Structure formats: structure tokens, C-alpha cells
Number of protein chains: 2
Amino acid sequence: MTVTYRDVKADILAKITQGIWPPGELVPNETELAENYGCARATVNRAMRELAEAGLIERRRKAGTRVRIAPIRQAKFNIPIVRREVESRGETYRYALVSRSVGPPPDWLAARMDLASAGKVLRLICMHYANGAPYQHEDRWINLDALPQAETADFTQTGPNEWLVSAIPFSDAEISFSATLADDTLAGFLGGNAGDPVFTIERSTWWEGASITYTRLSFTPGHRMTTRY
Amino acid sequence: MTVTYRDVKADILAKITQGIWPPGELVPNETELAENYGCARATVNRAMRELAEAGLIERRRKAGTRVRIAPIRQAKFNIPIVRREVESRGETYRYALVSRSVGPPPDWLAARMDLASAGKVLRLICMHYANGAPYQHEDRWINLDALPQAETADFTQTGPNEWLVSAIPFSDAEISFSATLADDTLAGFLGGNAGDPVFTIERSTWWEGASITYTRLSFTPGHRMTTRY
DNA sequence: CAGTGGTCTAGACCACTGA
DNA sequence: CAGTGGTCTAGACCACTGT
């Protein structure tokens, strides 16, 4: 019966939650714990490393490992493609391209995406439906200087989101959540009224230092984004 | 010059982002990669494990490792204590207890927290200020059956959030974000007007299967929650 | 300077699962 | 059944950082 890193992790976690090792407490070093548990130091190391990632303990060379005074709680959200999000709930997904235009970026966008004001951007407005009802409004801007092939792509059948993930497998992104008010136009698309509260996601994406796309997603009133942690 | 797991990870990541290993591609197995990179299998294993956690590849015994068709993107948010959040921006934090009451839970809360309707809950309404201006409104409910010592705790100087993290070092939680409208009361507290869009966080917390607390946090208009991923 | 965590290695056994 | 990832071990060297 060998001791696994999960065993060690669970035991240390228990010691913390039960207050045996209170916040701020210095935890025994890896060598000592390995002896106590009767396992290799690498096993203890993995357990402790994961607890540190989870924000429960704090590790510093020479100073040793301590139980965090205020554990860092972190919530993880999966950022799915809209279609998958809808379909995973067993609903039917429908997509529609509302408008498409090409031109120079407005000033606020040039500032936000760090674009030359002489550049060209593609702007797409799209709607995503779940079971026939409005679900999400998408206002998307794509930097054509960085991604010229977007100009000839067909966005009438598939959303830009899906096209982008296949064009750029991986990227850096900044995402932000906020609450805004629906104006008449947005309310029209989302099937509500002007003045409705709208849950809004904004996302900027970079790849190899170049700004690729900025998008603003607006959800129907009452939308919630939920996770456990 | 030994090869580190970071080197391996970076190289594999590069192969994916540059399309050398396109989505769906079967990646060589660990033994083979270890030979190619001239390092131990454990080193390759750690690199691949982290890439799998990041949602870029998918690993299955016997089936091998594949590049994910649609990478799972996940955003992490730190959920800080309000005071720390404010202070970390270099602003002065102030706390005020608005009201405190004890009684049976309303039906919606009993349902949400899975409480006996005969139970007792403590309700606190608090305000958090940054540099003297309203920052966050907190509507907090605590299950006194699970946490009787909350009834005698002093919440006039310190917020329930800080008291709770010391009383319960670790817990399961569900958090959800949404957009709501300020009513007259809330607008009064937050220094805005009725009808303002309000970014709202709701959080339920459990410990050892028992529901501990439910809270609803409302932020001043214009508040954003941002992260990189 | 010395103690602690960070990482690598070479080898081993095992658990899972696709064919 | 056999191939792949999952994990453990014992030992080693190193990087960082309090004292």
C-alpha cells in the first residue's frame, strides 16, 4: 500500500480545514513530511505544489511553507464557443450575420487595440439564438492588417468566433465582465426593452504581440454566468 | 545544459501555435519525445500534463495525446476580500455596517441554501468604500444553525467576509455574475440613480455539506471585472 | 552561508483502455 | 492483450533567499 500524492494532499488539506495547521502556521519541510508519510520527497512535493497552486499555502525557498492567512480563492470559468455552449444544454443553435463592413478603425478602437489609424478593420455584427430565442449579440472587430484572410472569409454561415479559433489555435486574451444598459437597437436584437440591464463581456485577443480582434458580447436580460470553485 | 520541463512545454506549445501539429493531430508518445528532447520521461510528462490542464491537448491512456480540436479556454478570476482589493489599488478602505437582524429565512433563501424554514439566519447589510466613495454593497445571510458563533460576533468594525474566512478556512462555493438594475434603495447606497445597471455577484458557500452563507454583492455603475488568460 | 523548495534522472510498476 | 499515460522512488544538483 503505497502513499500517493493524493493521499498526502488530502491529509494536508484536512489538517488545514480542521484547524490543526491554522493560518500562518509553518508547515514541516518536504523531507520531514516525506519521512512522516513514508513516501518519497517528490510525492510530497507534488501534493504541496498543487495546494500552492490552489492558493491554500505559500511556499518560499529557505523560508519554508506556510498556510496562507487569507487563502486566495480563484474561480475558473470556461470560455466556450457560443454554439457549443448552447448545444451542450441540449438547445438548438442558430446563427445570423446582421451586418458586415470594412474600414478604418474608430479612434477608441485604435487606442484599445493599439492600431494604426490608417489600418483596416473588419466589423461584424452577429446574433446567436438558442431554441429560436435571442441569446447573444456579438459586435466583433477584426484587425485586417494582422489577419488579411478574414476579409475573404465567409461569415454568413459560421460565426467569427469559430472561424478565429481555427485560424489562430492559441492566443493571449483579456476578458472583462460588466453590466450595461440596452439601448433601443440592442434591445431590439435581444428581444427586450431599452433600459434593460445587459450582462456584457468584452474580449481583446493578441497573437505574437499583434492585436487580432476585439469583441463585445451582450446577453439577454437575466443571463447568469456561474461556476463552482 | 539540461532540458527543463519548461523548455519542452514551450517547444510543444510552439509546434501547436505554429500549426506544425494541427488540431486533432496525434502527438508522439512520452518515451519518444523524451528521446527526441534528450531528457527523462518524467520531464516530458510534466510538460504535457500542464498543457493538458491548460486545455490545449487531450490525453488518454493507450489512445495517446492529441491536440484539442477546440482548445478549452478558461479564465481565472481571483476572488479577493474587498478590503484587500481596494487596498491593493492603493486606495483607502472604509467599512460600514448598515443593518443587522436575526430571524427565520425567507422562503427563497431557505430554498436556495437548503435550510429548514424553522431555522435562524443572521442578515447583514454592509457598505464598502474606496477613497471615501461607495464601492460595493453587500447583502449577507448567514446560517446560524451551522455557524452559531456568528450571532455574537461583532460586525460593526470588520466585514462578515473577513470574519468568515478566519472562521472557515476553506469551503466549497458557487459564484455567479449577472447584470441587474438598481432600485431606489440600492442607488442611494451606491451613489447613483434608480435604473442604473449594476454588476452583481452572488455567492453561496458550503462547508462539509452544510450551507453556511449566501451573499449578494452589488458594485457601483461602471464596475468591471477583468482578467487575462 | 546554510536551509528550503525546484527540478531532473533512470528505472520501475501499475491502471486504464483501444483494438 | 498490449500500448500509453499515471505515478512512485531514491538520489542528486541547483536556485533562491533568510539570517
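Values in this document were obtained by computation on a predicted structure and should not be read as measured data. Lettering follows sequence order; numbering is per chain, from 1.
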Who are the salt bridge (Lys or Arg N to Asp or Glu O under 4.0 Å) partners of B:Arg83, not counting sequence neighbours? B:Glu87, B:Glu162
Those residues at least two apart in sequence (or on a different chain) that pass side chain to side chain contact (heavy atoms under 4.5 Å, CB included) with A:Glu53 are A:Arg49, B:Glu53
Got a sec, which residues hit salt bridge (Lys or Arg N to Asp or Glu O under 4.0 Å) with B:Glu91, two or more places apart in sequence or on another chain? B:Arg89
Of A:Arg46 and B:Gly64, the one whose nearest nucleotide on DNA chain D sits closer to the 5' end is B:Gly64
In terms of the nearest nucleotide of DNA chain D, which residue is placed more toward the 5' end: A:Thr43 or A:Ala63? A:Thr43
Only Watson-Crick and G-U wobble pairs with both distances less than 3.5 Å should count. Give DNA chain C in dot-bracket notation, marking inter-strand partners with |. ||||||||||||||||||.
Check each residue of residues 26-42 of chain B for a non-hydrogen atom within less than 4.0 Å of any atom in DNA chain D, then write out the ones that pass by number, or none. B:Asn29, B:Glu30, B:Arg41
Excluding sequence neighbours, so at least two apart, what forms salt bridge (Lys or Arg N to Asp or Glu O under 4.0 Å) with A:Arg224? B:Glu202
Side-chain contact test, heavy atoms from C-beta onward, threshold under 4.5 Å: evaluate it for B:Thr226 versus A:Glu174 and give yes or no. yes
Residues forming a side-chain hydrogen bond (donor to acceptor under 3.5 Å, both in side chains) with B:Glu151, sequence neighbours excluded: B:Lys120
List, one per line, each side-chain donor-acceptor pair under 3.5 Å for residues 55-64 of chain B, sequence neighbours excluded.
from, atom 1, to, atom 2, distance (Å)
B:Arg59, NE, B:Thr65, OG1, 3.2
B:Arg59, NH1, B:Glu30, OE2, 3.1
B:Arg59, NH2, B:Glu30, OE2, 2.8

The ring pair (Phe, Tyr, Trp, His ring centres under 6.0 Å) partners of B:Tyr5 (sequence neighbours excluded) come to none
Chain B vs DNA chain C, heavy-atom contacts under 4.0 Å, first-to-last nucleotide span, 5' to 3', is C:dT7 to C:dG18
Under the side-chain hydrogen bond (donor to acceptor under 3.5 Å, both in side chains) test, which residues partner A:Asp11, sequence neighbours left out? A:Lys15, A:Tyr37
With sequence neighbours left out, write down each residue that passes side chain to side chain contact (heavy atoms under 4.5 Å, CB included) with B:Pro134, or none if nothing qualifies. B:Met127, B:Tyr129, B:Thr220
